[in-house]
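Note that this is a predicted model, so its numbers are computed, not measured. Within every chain, numbering begins at 1; the chains are lettered A, B, ... in the order of the sequence lines, protein sequences first and strands thereafter.
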Amino acid sequence: MEEKKLIVYNTLSRKKEKFEPLNPPHVGMYVCGPTVYGDPHLGHAKSYVSFDLIYRYLLYLGYKIRYVQNITDVGHLTDDADQGEDKIAKQSTLEQAEPMELVERYMANYYRDMDALNILRASIAPRPSGHIPEQIESIQKLIDKGFAYEANGSVYFDVLVYNSSNNYGKLSGRNVEEMEEGAANRELEKQSDKRNPFDFALWKKANEEHIMQWKSPWSVGYPGWHIECSVMSQKYLGETFDIHGGGIENAFPHHECEIAQAEAETGKPFANYWLHNNMVTINGQKMGKSLGNGVFCDELFTGDNPQLDKAYSPMTVRFFILQSHYRSTLDFSNEALEAAEKGYKRLMGALKTLETLQPARDSSFDINQIRQNCLDAMNDDFNSPIVIANLFEGVKLINSVKDGKAQMSKDDLAALRQTFNDFLFDVLGLKEEKTGQSDKLTNDLMGLVISIRKEARENKDFATSDKIRDELSRLNISVKDSKDGTNWSHDG
RNA sequence: GGUCACGUGGCCGAGCGGUUAGGCACUGGUCUGCAAAACCAGCUACAGCGGUUCGAAUCCGCUCGUGACCUCCA
């Protein structure tokens, strides 16, 4: 096991802190998952690639992690405000009638795309619809303790009561007084059931249109959207656990409310480390449904979106995401994606070259420095861009050795392979993409074609050799001549 | 209106007071029948204006710009 000197940025303290789990080597991590009411988009990709990086690095460090990620299948499925009621209403009644059909479909799509991005699945993926009794129980406890009140069949969390003994707003840096002013300025609609505008729902009485309903002591209704996360995280990770993650846009109110609920109920700290990833912009603009510039993962992989010049493979997308830090915004553009694609291919190409290198007596480069730099980068709040920069140092070295301009000892060759294996595959989670078929028949046929071209070249019949190369190029097969012979590769 | 981030070379993106980030693109060179790939070399920025400091992209202030959030919206 590598020495653990991991530093993480904790939103709670707004500082980088040494990571010290409660019960090493065990680590409990909860990350807010998707609400499965639509297909996963680039924003999901960035978020879950980011936490996959974190998960993978913790695994790499030797921690035993229980990773919990919810799949929200409750409460928000009546209709979509941005889309307007018409569109939903005009869609088949079948689609609206059974929300669990939608859940199944979009959940399948979610896993399809996340799997393609080589994102490891969570240890447990709990769904709030399966944890209604636990949520009701938690709400009841909050009522009993005086932190919540019932009004017309709905139950609300009393933020002022909580704030008198706790600090509501400690995660997002807000305080109740400011929020009162802000609320006054914005003249929010009067929420008659609530004692205060910033109180939030624990249980909502369902109206007729609401299609998912459960019985509770207060009404037939559905749980509020914050309670699922505090209940399910604590059920599987304990009252206090190590890491809670999610998108920065959820820090307030969602995560703030989770903390309030959980700490009100248990009187103990909820999560010790709060990690938040930043968002995606498209051509410098926010990605949003209302702007009509959203890009679904699937569209990215197929190129089927007007904003895309072409398709980008899942690993290109993953590499692109990892080239920026998880806490930075990432600007999406075709130019940037294409740059990532080329860089990724160069990286993977060098890896293949590495397998063919012959050892020399000694090395003209310090391999261990690359490995150490990668470790240092990851230990500093998961700085994947720096890891990648260091792997490119390795690429340069590999190619130099191949060109006979540098040399590497047997041990160093093995060490470099190990470094690439550890960081490129295990930590960054990149993998070789199978492009096109390379079965035996194809290989044999290509061998034949290449040998014919070789003969032509030897006879200086360049018209024929170039024709072969050009025609192959039209099949997306590229031919590279070198002193050691000719290589070919097929780009799907 | 409030709270909080951010603004880096043609593009994307690290950087947390003093040292070349890196990738892509571009230019020149090597190699090649020509390409491609690869290697070598070049391009060397930090929104603007002040301030602190021996020294600032990095700290402070102001201005401009962008973004997130501000409670039933995921």
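A:Asn399 has a side-chain polar atom (N or O) that falls below the 4.0 Å cut-off from OP1 or OP2 of B:C39. Within the structure, every side-chain polar atom (N or O) of A:Lys480 is placed at least 4.0 Å from both OP1 and OP2 of B:A38. Residue A:Thr329 places no side-chain N or O under 4.0 Å from the OP1 or OP2 atom of B:U66. Neither OP1 nor OP2 of B:G2 sits under 4.0 Å from any side-chain N or O of A:Asn175.
In this model, no side-chain donor or acceptor of A:Arg327 finds a partner on the base of B:C6 within 3.5 Å. The base of B:A35 lies close enough to the side chain of A:Arg469 for a donor and an acceptor atom to sit less than 3.5 Å apart.
Residues A:Phe200 and A:Thr281 both approach RNA chain B. Their nearest nucleotides, taken by heavy-atom distance, put A:Thr281 toward the 5′ side. Comparing A:Cys229 and A:Arg174 against RNA chain B, the residue whose closest nucleotide sits nearer the 5' end is A:Arg174.
Among the atoms of the strands shown, none is found under 4.0 Å from any heavy atom of A:Glu256. No engagement by A:Phe319 is indicated, since no non-hydrogen atom pair under 4.0 Å with the nucleic acid exists. A:Arg457 comes within 4.0 angstrom of a base, heavy atoms only. Nucleic acid contact for A:Ala389: base, since at least one base atom lies under 4.0 Å from a heavy atom of the residue. Among the protein residues, A:Ser465 comes within range of the nucleic acid bases, having at least one heavy atom under 4.0 Å from a base atom. A:Leu330 comes within contact range of the sugar-phosphate backbone alone, with a heavy-atom separation under 4.0 Å but no base atom that close. No engagement by A:Ser478 is indicated, since no non-hydrogen atom pair under 4.0 Å with the nucleic acid exists. Nucleic acid contact class of A:Phe392 (heavy atoms, under 4.0 Å, all strands): sugar-phosphate only. Residue A:Val159 is classed as having no contact, given no heavy-atom separation below 4.0 Å to the nucleic acid. Residue contacts for A:Asp481: at a heavy-atom cut-off of 4.0 Å it reaches a base atom on one of the strands shown. Among the atoms of the strands shown, none is found under 4.0 Å from any heavy atom of A:Asn278. In this structure, A:Lys16 reaches the bases: a heavy-atom distance under 4.0 Å links it to at least one base atom across the strands shown. Among the protein residues, A:Asp466 comes within range of the nucleic acid bases, having at least one heavy atom under 4.0 Å from a base atom. As judged by a 4.0 angstrom heavy-atom cut-off over every strand, A:His254 is placed among the base-contacting residues.
With a 3.5 Å ceiling on both atom-pair distances, B:G9 lacks any Watson-Crick or G-U wobble partner. B:C46 is unpaired under the criterion used here, namely a Watson-Crick or G-U wobble arrangement in which both key atom distances are under 3.5 Å. In a base pair of the Watson-Crick type (N1 to N3 plus N6-O4 or O6-N4) or a G-U wobble (N1-O2 and O6-N3), with each distance short of 3.5 Å, B:G67 is matched with B:C4. Base pairing analysis places B:G18 opposite B:C54; the two distances defining the Watson-Crick or G-U wobble pair are each below 3.5 Å. Across the strands present, B:C39 finds its partner in B:G29; the criterion is a Watson-Crick or G-U wobble pair with both atom distances under 3.5 angstrom.
Geometric assessment of A:Arg327 against the ring of A:Tyr9 yields a positive cation-pi assignment under the 6.0 Å and 45° thresholds. A:Tyr168 does not carry A:Arg174 over the face of its six-membered ring by the limits of under 6.0 Å from the centre and within 45° of the normal.
Taking atom P on both nucleotides, B:G51 is separated from B:G42 by 36 Å, rounded to a whole Å. If you take atom C1' in B:U3 and the same atom in B:G18, they sit 35 Å apart, rounded to whole Å. Taking atom C1' in both B:C4 and B:U44, the straight-line distance is 33 Å, to the nearest Å. When the P atom is used for both B:U8 and B:C70, the distance is 26 Å, rounded to whole Å. Using C1' as the reference atom, B:A45 and B:G7 are 13 Å apart when rounded to the nearest Å. Taking atom P on both B:A47 and B:A37, the two are 34 Å apart, rounded to the nearest angstrom. Look at the C1' atom in both B:U30 and B:G48: the space between them is 45 Å, to the nearest Å. Comparing the same atom, P, in B:C12 and in B:G50 gives a spacing of 28 Å after rounding to whole Å.
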- Steps toward salt bridge (Lys or Arg N to Asp or Glu O under 4.0 Å) verdict (A:Asp73, A:Arg127): CA-CA 6 Å; A:Asp73 61 355; A:Arg127 291 161 59 176; 2.9 Å; yes
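Picking from B:C11, B:A14, B:U71 the nucleotide with the shortest atom distance to the side chain of A:Pro253 gives B:U71. Nearest to the side chain of A:Asp331, among B:G13, B:C40, B:C72, sits B:G13. The side chain of A:Pro385 lies closest to B:A21 when the candidates are B:A21, B:U71, B:G33. You'll find that the side chain of A:Phe252 is closest to B:U71, out of B:G23, B:U71, B:A14.
One atom, CD1 of A:Ile7, and another, P of B:C16, lie 14 Å apart when rounded to the nearest Å. Rounded to a whole Å, the NZ atom of A:Lys405 is 7 Å from the P atom of B:C40. Here B:A21 presents its P atom at 19 Å from CG of A:Asp376, a figure rounded to the nearest Å.
Side-chain N/O atoms of A:Trp203 and A:Ser216 include a donor and acceptor closer than 3.5 Å. Side chains of A:Ser138 and A:Glu265: a donor-acceptor N/O pair is present below 3.5 angstrom, by distance only. Side chain to side chain, A:Tyr110 and A:Asp39 fail the donor-acceptor criterion of an N or O pair below 3.5 Å. A:Asn70 and A:Thr72 are linked by a side-chain donor-acceptor pair at a separation below 3.5 angstrom, with hydrogens and angles left out of the test. There is no side-chain donor-acceptor pair under 3.5 Å between A:Thr329 and A:Asn278.
By the 4.0 Å N-to-carboxylate-O rule, A:Arg453 lies close enough to A:Asp481 to be salt-bridged with it.
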